[in-house]
Amino acid sequence: MAKIAIGQNRKMEDYLEAVRRAGGDPIEVAVGSGAPEQLLAGVDGLVLTGGGDVDPALYGEAPHETFQAAEPGRDAFEISLARTAVTKGIPLLAICRGMQVLNVAMGGTLVQDIPTQVAGALHHSVPQQRAGHAHEVWVTSGSHLQALLNDHMEDGETCHVNSRHHQAVKDVAPGFEVTATSPDGVIEAMETPGPAFCVAVQWHPENFWRTGEFRELFEGLVRAATARTS
Ligand code: MN
């Protein structure tokens, strides 16, 4: 069974269950549990999870007044995990903060506060329902994400997602492509083109494990992780 490392945060249950239901063996990795390179040497895939804001100093900006730091050490730990996974081609599913970490790790920047910095923005901080639909996203044709979610989208390009973020990707890191946006232009997914599985989404697919909606993202990760071991 493919071992999937999951970056530890304050609420792990849904991530663990989503990986289990996709056929993976989830392993929590946390700040202080080892060097990122060594931790990833013992697994077949990685999930980067939700949480607080990435320190904007890491992409050359002063903090916006709404800045809420993540747990001490998480930025450096997860940036190292992200860089190692990308460099070594370890299958990676990056979720919410995880997508933001991945983008900063690879040289991109973030919108620090959508409500005050994106004119005409939709509501992206919608705490209820956790497994409900807050807004739609438009998925890029030909992307890994589109292939994964194709059966899920009636028209092949639109799906409805939950949304609990006040930040988003601004300048996309070199080597990455935007693969979904919401109608207000906020970037909702990105990935690397090519054979490696490196998929990032701004919404929270793990919250849907009870209904199986978005299980394709976790199944894609586990499939890529399994292929890498054989
Ligand atoms: Mn959103």
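Starting from 1, each residue takes its place in the sequence as its number. In each ligand, atom 1 is the first atom listed, and ligand 1 is the first ligand listed.
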A.B. asks: Is the closest side-chain donor-acceptor distance between Ser163 and His135 under 3.5 Å?
C.D. replies: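 Yes, a side-chain donor-acceptor pair sits under 3.5 Å.
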
A.B. asks: Restricting to N, O or S atoms of Glu188, which is nearest to the Mn ion (ligand 1)?
C.D. replies: OE2

A.B. asks: At less than 2.8 Å, would any N/O/S atom of Ser182, backbone or side chain, sit next to the Mn ion (ligand 1)?
C.D. replies: no

A.B. asks: Of all N, O or S atoms in His135, identify the one at the shortest distance from the Mn ion (ligand 1).
C.D. replies: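 Closest to the Mn ion (ligand 1) among those atoms: NE2.
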
A.B. asks: So which of the N, O or S atoms of His124 lies nearest the Mn ion (ligand 1)?
C.D. replies: ND1

A.B. asks: Quick one: the OG of Ser163, the Mn ion (ligand 1), NE2 of His165 angle, rounded to 10°, please.
C.D. replies: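 OG of Ser163, the Mn ion (ligand 1) and NE2 of His165 span an angle of about 90°.
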
A.B. asks: Report yes if some heavy atom in the side chain of Glu71 is under 4.5 Å from a heavy atom in the side chain of Phe77; otherwise report no.
C.D. replies: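 A side-chain contact is absent here, since even the closest heavy-atom pair is not under 4.5 Å.
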
A.B. asks: Any chain of hydrophobic side-chain contacts (each under 4.5 Å) joining Ile6 to Trp209?
C.D. replies: no

A.B. asks: Does this structure show an ion pair linking Asp14 with Arg21, if we count only N-O contacts that are shorter than 4.0 Å?
C.D. replies: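 No, Asp14 and Arg21 are not salt-bridged.
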
A.B. asks: Search all heavy atoms of Val47 against all heavy atoms of Ile95 and return the closest pair with its distance.
C.D. replies: CG1-CD1, 4.1 Å

